[in-house]
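Data first, discussion second: the structure below is written as structure tokens.
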There are 2 protein chains.
Amino acid sequence: MSPRGQAPDTARPTTLGRALMLVHTGYGVRSELTDRLGLTRTATGTVLRDLEHLRLVRTIPGPRPERGGTGRPSHRVEIHPDAPVALGVQVHYESVALLDVGLGGVAGQIVEHRLPRPATPEAVLGLVADLVAARLATASKRCVGLGLALPSAVAGNGTALAALHLNWPVGVPVASITGDLLAARGHRIPVLVGNDANLAALAEHRHGAGAGASDLLYVTTGQCGVGGGLVLDGRLHTGSAGYALEVGHIPVRPGGRPCHCGSLGCLDVEADPSALLAEAGLPTPEPIMPAARALVAASASDPAARAAVLAVTRRLAAGLASLVNVFNPDRVVLGGLHADLLAVAAAELRDEVARRSYLDQAARVPIVAGRLAQPGLLGAAEVALQPLLDDPRTVLRQDRSAHHPEYRPQGTSS
Amino acid sequence: MSPRGQAPDTARPTTLGRALMLVHTGYGVRSELTDRLGLTRTATGTVLRDLEHLRLVRTIPGPRPERGGTGRPSHRVEIHPDAPVALGVQVHYESVALLDVGLGGVAGQIVEHRLPRPATPEAVLGLVADLVAARLATASKRCVGLGLALPSAVAGNGTALAALHLNWPVGVPVASITGDLLAARGHRIPVLVGNDANLAALAEHRHGAGAGASDLLYVTTGQCGVGGGLVLDGRLHTGSAGYALEVGHIPVRPGGRPCHCGSLGCLDVEADPSALLAEAGLPTPEPIMPAARALVAASASDPAARAAVLAVTRRLAAGLASLVNVFNPDRVVLGGLHADLLAVAAAELRDEVARRSYLDQAARVPIVAGRLAQPGLLGAAEVALQPLLDDPRTVLRQDRSAHHPEYRPQGTSS
DNA sequence: ATCCATTTGTGAAGCGACTGGACAAACTCG
DNA sequence: CGAGTTTGTCCAGTCGCTTCACAAATGGAT
């Protein structure tokens with residue numbers, strides 16, 4: 001049960017895992033790894049040798065292209081080309097996207113497919129299983145798991161709690177259904193499910209605009225509604241039941257639009273694409289995002305569009321201020337349409353958040369746009385990679401023993 | 001720098017510390033310690049032997065008073081009578097309270113003193129230093145630190161960011177000032193400062209109604225304004241700058257009372273004692289709490305009082321629902337006057353929170369009253385004990401060397 | 001009372017992760 | 001070219017934990 005020589009109270013990463021995580025998140029200089037791990041050079045050496053034996057990492061002793069300091073140059077460490085990958089899947093309102101992501105965040109080709117209609121759980125997850133199976137059949141690298149990003153609150157056990165906009169019933173056990181469908185197609189891989197905004201937050205923290213933040217708040221809006229995520233100490237904060245950061249129902253406009261939750265003026269209905277279009281007096285087409293983006297772009301010249309953008313930006317700012325006052329993040333990353341709003345109304349957004357912040361310190365929180373094209377997909381893959389990043393040895397041992405029962409990965413002593 | 005044979009990345013408790021924490025929080029059966037630590041009986045044995053040598057713990061092999069199961073009965077483990085204590089100080093609006101708290105949460109006698117007028121930082125902290133020095137001079141047990149609970153947001157370095165109601169300027173370096181004042185009186189102990197509601201949350205988690213919760217949300221109101229705290233995985237979440245859980249400015253009533261933050265209808269001005277009295281059309285006396293408590297008590301028979309209580313309860317519920325939706329706690333503990341409201345209007349409060357909760361799961365969060373008489377005071381002592389609970393060996397080693405003249409206490413941390 | 005099943009504490013041996021010291025390797029700078 | 005600096009590796013420990021074996025302490029069945 002317990003790994004070995006380690007206390008297993010809170011599942012926390014092995015040193016091997018921490019080292020792999022550092023390489024995964026872009027630290028490629030060996031001496032830097034030594035510093036960040038807080039180990040001696042000797043210990044870092046054995047850790048890297050182990051990771052190399054596991055074919056997760058390789059070190060290049062060759063000289064670095066350009067360096068400043070004196071002394072012997074440090075080796076470069078990079079993800080091994082044979083290292084396993086994870087699959088990320090995102091269920092949107094109209095489509096399903098699939099992407100294979102390796103350690104280091106290197107992504108393959110996105111496959112996208114329209115949602116079947118009606119988009120029942122069975123139909124959607126059947127499609128997901130088909131796409132995944134097809135990808136696995138042709139994959140050259142081992143796949144350690146599947147991550148699934150849903151536009152819904154998701155419980156810790158992989159159950160969709162409120163995929164309202166997909167018209168799913170409450171409590172669809174997505175993880176187990178998908179696992180069964182994959183098993184029926186001959187693939188047995190772990191399936192992890194999460195809220196898309198949560199997962200996007202994780203991805204931005206690992207590989208994007210949130211890198212290095214210790215308390216990262218992420219807020220985004222996609223098709224409809226507003227989602228959020230919080231990354232604390234490098235771990236996604238999902239709350240006790242998995243529905244943390246359901247930020248859509250923060251009141252941001254007294255007497256505003258009615259929300260399906262029963263209140264008026266929730267963030268969900270005041271700062272999403274349809275709210276922006278409505279503010280400009282425009283109809284809401286399908287799909288909605290291009291129209292909303294066009295409106296934001298038009299705001300550079302069109303005063304009416306500008307007014308709508310500013311109105312929505314103000315309400316977004318009110319919601320952000322509430323969250324900043326409560327979470328005290330050291331960085332705020334905006335995704336989806338909110339990143340577009342930030343691009344055209346950064347000053348207004350930051351001023352309004354600062355004005356509504358309780359403390360001077362809160363007013364100085366950096367608010368930046370996300371840097372990733374597909375943060376939800378990447379985050380989904382990221383959670384599938386998580387066990388590997390926590391404890392590479394155990395994951396690979398299990399993985400190998402499925403194929404070669406007698407295989408024994410060599411320990412440190414030769 | 002690093003302890004020894006352990007990775008020092010995120011400061012996390014030693015196994016010795018984890019064991020001490022368990023005894024500290026009331027686990028007194030040795031076999032239970034073995035289970036909770038996730039260690040073998042052998043390892044638990046050596047850990048306890050070490051703690052015993054440090055005179056932090058003692059084990060009583062004698063038979064337990066009453067047991068059910070078969071087999072050899074397990075030893076009892078309890079805090080050693082010689083174990084060190086910590087001092088907790090709480091600055092209220094009209095008084096300062098001081099309490100010495102030992103491991104296990106055993107508290108001594110509270111000393112209370114009226115605030116000097118004007119209550120400048122120098123005057124207040126001078127009084128604190130006098131009280132602490134007097135207590136240290138007569139103390140029989142070693143004191144590992146002083147915790148200071150303030151009605152203000154507090155930065156990680158022990159600086160009061162917004163002691164508005166004390167009329168303090170922004171940015172009083174409370175920890176360092178108090179440390180210097182104590183040093184001038186011949187006492188060199190670490191001083192840690194925190195927000196009173198934050199610290200109360202920690203105390204309720206360790207020794208009160210929040211015990212065992214993995215994601216504990218605490219909300220309270222004292223003299224004026226509403227405070228909160230969040231305990232995640234047994235650690236106080238203070239945010240990156242220390243002002244997390246400033247919950248007072250969540251909007252709970254569109255068009256409500258004006259708040260000093262500039263908005264209308266903030267939780268701070270809608271769910272504190274003066275809001276309750278105002279709702280009932282009563283004046284706000286000094287001190288305010290007895291009057292507010294009397295009003296809550298009167299609500300059993302007086303319809304007008306009842307109406308005021310229900311109005312404030314509804315607004316509190318609105319704030320709680322917002323917080324529950326974003327934090328997804330597995331328990332909510334109410335302190336101060338909010339606990340009184342819960343006592344007389346539990347059904348109404350819970351129903352309203354459930355109604356405003358986004359998810360069914362959120363609606364089922366247990367909402368309970370705090371159990372501690374002086375949670376802020378206890379929590380202050382708790383953070384002063386924290387280094388001991390994280391790494392008993394190092395703290396006691398430093399403590400021994402404190403008799404050497406060149407010892408320098410750290411200002412603060414966490 | 002006696003034996004048995006069960007649970008708990010303890011000693012011996014060993015392993016894995018890490019440290020510290022010593023040394024060789026690789027680079028910059030003068 | 002050598003001096004100074006930084007880096008990787010070998011060797012001998014240490015520390016925290018495990019496994020195995022056994023003794024101690026109970027309740028229950030006989």
Side-chain angles (χ1 to χ4, degrees), chain A residues 1-9 12-19 28-35 37-53 57-77 391-394 397 409-414, chain B residues 1-9 12-19 28-35 37-53 58-77 391-394:
Chain A
M1 193 195 292
S2 72
R4 191 151 199 136
Q6 279 293 11
D9 184 34
R12 59 175 218 99
T14 317
T15 300
L16 214 63
R18 293 202 307 133
V29 182
R30 188 181 142 155
S31 60
E32 204 171 359
L33 294 184
T34 304
D35 291 349
L37 289 170
L39 299 176
T40 56
R41 295 196 301 272
T42 308
T44 307
T46 67
V47 165
L48 287 178
R49 178 154 31 88
D50 290 356
L51 285 177
E52 232 159 335
H53 282 151
V57 137
R58 68 180 178 192
T59 71
I60 301 162
R64 291 282 318 288
E66 42 179 323
R67 277 185 64 258
T70 170
R72 173 179 175 178
S74 197
H75 295 178
R76 280 207 70 81
V77 183
D391 188 354
R393 197 128 45 188
T394 306
R397 201 150 30 211
Q410 45 267 56
T412 49
S413 59
S414 62
Chain B
M1 192 192 291
S2 72
R4 191 155 199 132
Q6 279 293 12
D9 185 33
R12 61 176 216 98
T14 317
T15 300
L16 214 62
R18 292 203 306 134
V29 182
R30 189 181 142 153
S31 60
E32 203 170 359
L33 294 184
T34 303
D35 290 349
L37 289 170
L39 299 176
T40 56
R41 296 195 302 273
T42 309
T44 307
T46 67
V47 165
L48 286 178
R49 179 155 26 91
D50 290 356
L51 285 177
E52 229 158 339
H53 282 151
R58 68 179 179 193
T59 71
I60 301 161
R64 291 281 320 287
E66 43 178 323
R67 279 185 63 258
T70 171
R72 174 178 174 178
S74 198
H75 295 177
R76 279 207 71 81
V77 184
D391 187 354
R393 196 128 45 188
T394 305

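Note that the coordinates shown come from a computational prediction; the quantities given were computed from them, not determined experimentally. Each chain gets a letter, A, B and so on, in the order its sequence line appears, and its residues count up from 1.
- Expressed to the nearest 0.5 Å, how far OG1 of B:Thr44 lies from CG of B:Leu33 amounts to 7.0 Å.
- At least one donor-acceptor pair closer than 3.5 Å links the side chain of B:Thr40 to the backbone N or O of B:Ala43.
- Atom pair A:Glu32:CD and D:dT7:P shows a separation of 11 Å (rounding to whole Å applied).
- Here A:Ser31 lies in heavy-atom contact (under 4.0 Å) with sugar-phosphate atoms only.
- Rounded to the nearest 0.5 Å, atoms CG (A:Asp391) and OG1 (A:Thr14) are 3.5 Å apart.
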Distances for protein N/O vs nucleotides 11-14 of chain C N/O pairs under 3.5 angstrom?
from, atom 1, to, atom 2, distance (Å)
C:dG11, O6, B:Thr42, OG1, 3.0

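- Under the 3.5 Å distance criterion, the side-chain polar atoms of B:Arg18 are matched with a main-chain donor or acceptor of B:Leu37.
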Step by step, would you call A:Arg30 with A:Arg76 a side chain to side chain contact (heavy atoms under 4.5 Å, CB included)? CA-CA 6 Å; A:Arg30 188 181 142 155; A:Arg76 280 207 70 81; over 6 Å; no
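- D:dG8 atom C1' lies 14 Å from atom CG of A:Asp35, rounded to whole Å.
- Of the side-chain N and O atoms in A:Ser74, none sit less than 4.0 angstrom from OP1 or OP2 of D:dT6.
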Tell me, with the steps shown, if B:Leu48 and B:His75 meet side chain to side chain contact (heavy atoms under 4.5 Å, CB included). CA-CA 11 Å; B:Leu48 286 178; B:His75 295 177; over 6 Å; no
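- Considering every non-hydrogen atom in both B:Leu16 and B:Val47, the closest pair reads CD1-O, 3.6 Å.
- Atom pair A:Asp50:CG and C:dG16:C1' shows a separation of 10 Å (rounding to whole Å applied).
- Atom-to-atom, CZ of A:Arg12 to P of C:dA17 comes out at 13 Å; the value is rounded to the nearest Å.
- Applying the 4.0 Å criterion to OP1 and OP2 of D:dC17, one finds that B:Thr15 has a side-chain N or O inside that range.
- Not one side-chain nitrogen or oxygen of A:Arg30 sits closer than 4.0 Å to the OP1 or OP2 atom of D:dT7.
- Rounded to a whole Å, the NE2 atom of A:His75 is 12 Å from the P atom of C:dA25.
- Going from atom CG of A:Leu39 over to atom P of C:dA17 covers 12 Å, rounded to whole Å.
- As rounded to whole Å, 17 Å separates atom C1' of D:dC17 from atom CG of B:Leu33.
- B:Arg76 has its CZ atom 17 Å from the C1' atom of D:dT26, to the nearest Å.
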For nucleotides 22-24 of chain D, which of its nitrogen or oxygen atoms have a protein nitrogen or oxygen under 3.5 Å away, and what is each distance?
from, atom 1, to, atom 2, distance (Å)
D:dA24, N3, B:Arg72, NH1, 3.3

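- Listed pair A:Thr70 / C:dC29 fails the phosphate criterion, with no side-chain N or O lying under 4.0 Å from OP1 or OP2.
- No donor-acceptor pair under 3.5 Å is formed between the side chain of B:Ser74 and the backbone N or O of B:Val29.
- Counting all heavy atoms, side chain and backbone alike, A:Asp50 lies closest to A:Arg393 at OD2-NH1, 3.3 Å.
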